[in-house]
Amino acid sequence: MPDIQLPDGSHRQFPEPVSGLELARTIGSGLAKAAVAMRVDGALKDLSTVLDQDVAVAIITKDSPEGLEVIRHSTAHLMAQAVQSLFPGVQVTIGPVIENGFYYDFAAERSFTQDDLVAIEGRMRELVKENLVVHREIVSRDTAMTRFENMGEDYKVQIIRDIPATETLSLYHQGDFVDLCRGPHVPSTGSLGAFKLQRVAGAYWRGDSRNPMLQRIYGTAWGSQKDLDAYLQQLAEAEKRDHRRIGTELELFSIQEDAGGGLVFWHPMGARIRRVIEDFWRSAHVEGGYELLFTPHIAHEQLWHTSGHKDFYAESMFDPMQDEGQPYQLKPMNCPFHILIYKDKLRSYRDLPLRWAELGTVYRHEMSGALHGLMRVRGFTQDDAHVFCRPDQIEAEIGEVLTLVQKILGTFGFDRYEINLSTRPEHSVGSDAIWETATHALRVALERAGLEYQVDEGGGAFYGPKIDLKIQDAIGRKWQCSTIQLDFNLPERFGMEYVAEDGTRQVPIMVHRAIFGSVERFFGVLIEHYEGKFPLWLAPVQVAVLPISEHFVAYAESVTAALTKLGLRVETDLRNEKIGYKIRAHTLRRVPYMLVVGEREQEAGTVALRDRNGQDLGSHSVAALGAALQKMVEERQNTLEWQG
RNA sequence: GCCGUUGUAGCUCAGUCGGUAGAGCAACUGAUUCGUAAUCAGUAGGUCAGAGGUUCGAUUCCCCUCAACGGCACCA
């Protein structure tokens with residue numbers, strides 16, 4: 001006689017045991033239809049589970065986060081069933097839920113093609129129509145082992161072998177398909193339907209590159225067709241922001257096959273933006289008490305032995321080059337160079353903190369398959385800085401860095417962050433005392449700054465704790481940019497020291513920090529964030545002056561000259577085209593403001609103002625417009641809204 | 001690096017069952033002198049990613065290399 005408590009606190013009594021699905025039906029037919037699983041005293045269960053005790057039950061529906069997980073997991077099974085029915089002999093391995101979807105890895109003789117995906121999806125739809133009941137079977141380890149051995153499912157056998165003996169093994173059946181799975185799953189295949197297979201890709205068995213490569217099929221699944229469509233729409237939106245496409249369209253940058261992969265060429269328009277970014281970065285750093293450095297691109301190989309990079313970073317470094325019998329190496333990092341400057345003379349405790357920043361271009365041998373537009377390249381410029389300080393200064397220095405990070409990122413329109421504090425890993429250098437002091441200092445600095453953060457226990461580098469910061473872009477994607485890392489290793493390796501108040505020699509604390517991370521990558525993120533519609537202060541061309549016809553060319557040029565004189569980036573479009581053509585052309589180039597000049601404007605000494613969003617902003621005198629634009633640029637405003 | 005796909009004009013793409021290629025946009029020239037997202041006409045533009053092989057003949061078929069794309073692995 002189970003007494004079942006529902007999430008709203010109410011109770012329902014049943015004369016005999018009931019299944020979850022039956023329970024849902026007594027609550028409402030709509031609920032029963034949307035139900036995919038349930039939570040019994042906190043544990044996820046299939047709806048077919050019979051409730052014969054007094055328990056608390058929450059029905060999980062398609063639209064809840066947990067329900068979506070169940071749907072995605074069940075859709076992965078459905079796909080595996082379809083694959084095995086179409087391609088006998090293909091082995092199944094694992095098929096987990098991922099963000100927005102699922103994948104399933106198969107061991108197959110040949111790789112799947114795009115046509116195969118269409119066929120698999122078709123078969124899946126048939127199986128949905130058949131509305132096969134999904135049922136769970138508890139089996140012993142031996143039974144499970146034998147069954148999968150007989151089926152020739154070698155990978156499943158390996159999986160079973162690795163499951164702790166204490167765990168219950170369950171099999172899920174639907175039609176003639178069986179899979180080893182913890183569950184829960186939807187009650188029948190008819191509960192599924194809003195899915196789409198996306199792509200095939202290779203993936204190593206158990207994620208290890210020494211293992212055989214399997215065929216992974218990715219798919220997405222949702223609680224309703226509407227949600228699926230919305231998601232696909234969102235993917236298309238993200239696609240439109242692709243910095244590689246926009247970069248080509250707006251002539252911002254290119255990657256040249258003749259030069260090699262992962263090497264970025266900044267074209268004039270991109271270079272203009274970079275210059276603005278860097279100028280702002282420099283002035284913000286000087287204001288923040290930094291000195292700016294320049295260091296070479298290569299150094300004796302020996303330096304990289306001293307730094308330890310030859311031991312633990314060699315794979316990412318370009319091979320050494322020889323000159324007069326001496327091996328030199330391209331730098332993958334700037335830190336050793338800054339250390340050499342530090343060591344160039346004896347430092348006093350009074351000199352600390354030293355804050356040294358450099359836009360330092362480094363080269364790393366990223367593997368060919370890892371290269372991706374501006375996001376992952378082989379040559380890039382780090383906005384690198386190192387703070388050398390005493391242990392008692394850590395907290396204040398980290399606080400300063402966090403302030404600068406927020407100031408700089410905020411100016412680019414990034415004010416939502418995800419922050420991680422990573423603490424001491426198992427293998428590490430440095431005393432307990434220094435780790436303790438430093439980690440505490442990072443924590444306090446974060447809290448003082450009022451920043452929320454998560455702690456990644458043991459996630460720090462072997463040489464010190466760190467703070468990583470991800471920014472969120474306009475469509476909610478997260479990008480790792482800023483990082484603040486303490487280093488107890490390099491100062492030791494290089495024998496850095498300062499003379500303390502008591503005359504003893506002490507080792508300084510070293511802080512590595514970057515705000516953009518890489519200028520290239522940050523630029524890529526900016527392009528995607530703004531969809532190429534840069535705010536006025538960053539736009540490579542801020543204003544386009546568009547004469548209606550040849551008669552107004554002289555006036556247009558005078559307007560351009562006046563605005564250029566104010567430091568604005570202005571172009572005159574003298575092409576022999578109609579005004580509509582010019583407006584379209586500059587709108588597509590994302591030029592923030594267009595000034596139309598014709599007879600009326602020439603007479604009155606004004607311009608007709610229009611922004612790239614199609615807003616007609618009325619008529620303005622050249623002087624008033626210039627002053628208003630200048631103000632917007634100076635304040636680095638993120639909006640084009642007219643305040644003149 | 002690994003698996004798969006792809007590489008044709010500046011861009012987006014069509015095409016060639018093996019007989020050295022075509023469109024739209026962009027560029028250039030001319031006409032038009034125009035009021036808020038594409039005026040009309042013409043011209044030019046290609047070692048069909050690169051190297052090799054098969055063939056009378058290769059952009060097309062085969063092999064290798066390079067690069068891009070989607071993943072995996074990598075990314076203190």
Side-chain angles (χ1 to χ4, degrees), chain A residues 98 103 105 108 110-114 116-117 198-218 239 242 244-245 248-251 254-263 307-309 311-313 315-316 332-333 335 364-373 375-378 422 425 427-429 459-464 466 468 480 483 485 487 489-490 512 517-518 521 544 546-553 575-589 594-601 608-617:
Chain A
I98 53 174
Y103 67 78
D105 285 349
R110 67 168 179 92
S111 29
F112 298 117
T113 64
Q114 211 53 44
D116 292 335
L117 282 200
Q198 293 168 296
R199 57 178 61 99
V200 225
Y204 299 109
W205 164 236
R206 296 200 155 145
D208 189 328
S209 56
R210 289 166 303 191
N211 286 342
M213 186 155 273
L214 307 172
Q215 297 294 313
R216 173 171 301 179
I217 303 180
Y218 284 93
E239 174 94 31
D242 193 315
R244 294 166 300 188
R245 235 197 40 186
T248 307
E249 270 170 27
L250 302 188
E251 299 179 53
S254 67
I255 290 168
Q256 300 284 332
E257 201 171 322
D258 289 339
L263 302 170
S307 69
H309 288 97
D311 298 328
F312 54 78
Y313 206 71
E315 261 188 17
S316 297
M333 293 191 192
C335 16
R364 296 184 183 174
H365 181 264
E366 298 288 352
M367 285 200 272
S368 57
L371 302 177
H372 179 88
M375 302 304 185
R376 194 81 179 268
V377 293
R378 287 184 172 153
S422 303
H427 299 286
S428 54
V429 299
F462 73 88
Y463 51 75
K466 62 174 180 177
D468 288 320
Q480 159 87 57
T483 181
Q485 311 190 354
D487 191 335
N489 179 48
L490 282 181
H512 307 257
S518 133
R521 185 182 146 81
L546 317 178
I548 295 277
S549 78
E550 265 170 28
H551 303 305
F552 314 106
V553 163
R575 287 178 297 182
N576 187 1
E577 295 289 351
K578 304 215 295 199
I579 197 67
Y581 178 91
K582 295 184 188 179
I583 284 173
R584 178 178 152 82
H586 293 94
T587 303
L588 290 175
R589 286 176 76 204
M594 282 157 266
L595 309 182
V596 176
V597 295
E599 189 165 7
R600 291 199 295 270
E601 288 73 24
L609 181 64
R610 175 191 164 105
D611 72 19
R612 66 183 161 210
N613 301 319
Q615 288 289 319
D616 179 354
L617 300 169

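The partner of B:G18, taking Watson-Crick or G-U wobble pairs whose two distances both stay under 3.5 Å, does not exist in any strand shown. With a 3.5 Å ceiling on both atom-pair distances, the Watson-Crick or G-U wobble partner of B:G70 is B:C3. Within the shown strands, nothing qualifies as a pairing partner of B:U59 under the Watson-Crick or G-U definition with both distances less than 3.5 Å. The partner of B:A26, taking Watson-Crick or G-U wobble pairs whose two distances both stay under 3.5 Å, does not exist in any strand shown. As the counterpart of B:A44, no nucleotide is assigned, since no Watson-Crick or G-U wobble pattern has both distances under 3.5 Å. If you check B:A37 for Watson-Crick or wobble pairing at under 3.5 angstrom, you find it has no partner at all.
Between B:G7 and B:A14, the two C1' atoms lie 15 Å apart (nearest whole Å). Using atom P as the reference point in both B:C25 and B:A21, the two lie 23 Å apart (nearest Å). Rounded to the nearest Å, the gap between the C1' atom of B:C17 and that of B:U59 is 15 Å. The same atom, P, is picked in B:U8 and in B:G50; the two are 10 Å apart, to the nearest Å. For the C1' atom pair drawn from B:U20 and B:G24, the interatomic distance equals 24 Å after rounding to whole Å. Of the C1' atoms belonging to B:G10 and B:C48, the separation is 16 Å, rounded to the nearest Å. Comparing the C1' positions of B:G22 and B:A9 gives an interatomic distance of 10 Å, to the nearest angstrom. With both ends at atom C1', the span from B:G57 to B:A44 equals 30 Å, rounded to whole Å.
Under 3.5 Å, the side chains of A:Y204 and A:R210 contain no donor-acceptor pair of N or O atoms.
The base of B:A76 is paired with the side chain of A:H309 by a donor and an acceptor separated by under 3.5 Å. Interface remark: the A:Q114 side chain does not form any donor-acceptor pair with the B:G70 base, using a distance-only criterion of under 3.5 Å. In the interface, the side chain of A:Y204 is not paired with the base of B:G71 through any donor and acceptor atom under 3.5 Å apart.
Side chain of A:R600, nearest nucleotide from B:A73, B:A76, B:G35: B:G35. Comparing B:A76, B:G71, B:C74 by their nearest atom to the side chain of A:R376 picks out B:C74. Nearest to the side chain of A:I583, among B:A37, B:A73, B:G35, sits B:A37. Taking only side-chain atoms of A:E257, from C-beta outward, the nucleotide of B:C66, B:C74, B:U39 with the closest atom is B:C66. With B:G71, B:U36, B:G70 as the candidates, the nucleotide lying closest to the side chain of A:M213 is B:G71. Checked against B:U33, B:A37, B:C72, the side chain of A:H551 finds its nearest nucleotide in B:U33. Distance from the side chain of A:K578 is smallest for B:U39 among the nucleotides B:U39, B:C69, B:U36. Nearest nucleotide to the side chain of A:A608, out of B:A76, B:C72, B:G35: B:G35. Comparing atom distances between the A:M367 side chain and each of B:G35, B:C74, B:A76 picks out B:C74 as nearest.
A:I548 comes within 4.0 angstrom of a base, heavy atoms only. At a threshold of 4.0 angstrom between heavy atoms, the contacts of A:E251 with the nucleic acid are absent. A:M333 comes within 4.0 angstrom of a base, heavy atoms only. Base contact: A:G369 has a heavy atom under 4.0 Å from a base atom. A:S209 comes within contact range of the sugar-phosphate backbone alone, with a heavy-atom separation under 4.0 Å but no base atom that close. As judged by a 4.0 angstrom heavy-atom cut-off over every strand, A:S111 is placed among residues touching the sugar-phosphate backbone only. Backbone-only contact: A:A461 has heavy atoms under 4.0 Å from sugar-phosphate atoms and none from a base. Among the protein residues, A:G261 comes within range of the sugar-phosphate backbone only, with heavy atoms under 4.0 Å from sugar or phosphate atoms but none that close to a base. Within the nucleic acid shown, A:H512 has no heavy atom closer than 4.0 Å to any nucleic acid atom.
Taking atom CG of residue A:L214 and atom C1' of nucleotide B:G4, one finds them 14 Å apart after rounding to whole Å. A:L546 has its CG atom 16 Å from the P atom of B:C34, to the nearest Å. At whole-Å resolution of the value, CD in A:E599 and C1' in B:U36 are 17 Å apart. Atom CG of A:D105 is separated from atom C1' of B:C2 by 14 Å (rounded to the nearest Å). In this structure, A:R575 atom CZ and B:C34 atom P are separated by 19 Å, rounded to whole Å. If you measure from atom OH of A:Y581 to atom P of B:U36, you get 18 Å, rounded to the nearest angstrom. Between A:L371 atom CG and B:A67 atom P the separation is 8 Å, expressed in whole Å. Atom NE2 in A:H372 sits roughly 12 Å away from atom C1' in B:G71 (whole-Å rounding).
RNA chain B is contacted by both A:E577 and A:D208; A:E577 maps to the nucleotide lying nearer its 5′ end (nearest heavy atom per residue). Nearest-nucleotide positions on RNA chain B place A:T248 closer to the 5' end than the other of A:G373 and A:T248.
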**Request:** Under the side chain to side chain contact (heavy atoms under 4.5 Å, CB included) rule, what do A:L546 and A:L595 come out as? Steps first, then yes or no, please.
**Result:** CA-CA 6 Å; A:L546 317 178; A:L595 309 182; over 6 Å; no
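Side-chain atoms of A:R364 come within 3.5 Å of backbone N or O of A:P332 as a donor-acceptor pair. A distance-only check finds a donor-acceptor pair linking the side chain of A:N211 to the backbone of A:W205 [under 3.5 Å]. In this structure, A:K582 contributes its side chain and A:P547 its backbone to a donor-acceptor pair below 3.5 Å. The closest donor-acceptor contact from the side chain of A:S307 to the backbone of A:H309 lies under 3.5 Å. Here the side chain of A:R378 pairs a donor or acceptor atom with the backbone of A:E366 at under 3.5 angstrom.
Ionic pairing of A:D208 and A:R206 is not present here: no N-O contact between side-chain nitrogen and carboxylate oxygen is shorter than 4.0 angstrom. Using a 4.0 Å cut-off between charged nitrogen and carboxylate oxygen, A:R610 and A:D616 do not count as a salt-bridge pair.
OP1 or OP2 of B:C72 lies within a sub-4.0 Å distance of a side-chain N or O belonging to A:Y218. Look at A:R610 and you won't find any side-chain N or O under 4.0 angstrom from OP1 or OP2 of B:G35. Of the side-chain N and O atoms in A:R244, one or more sit less than 4.0 angstrom from OP1 or OP2 of B:C69. Contact check, A:R612 against B:A37: no side-chain N or O comes under 4.0 Å of OP1 or OP2. For B:G1, the OP1/OP2 oxygens have a side-chain nitrogen or oxygen of A:S368 closer than 4.0 Å.
With a 6.0 Å radius and a threshold of 12 heavy atoms from other residues, nucleotides or ligands, A:Q480 has its CD atom above the threshold.
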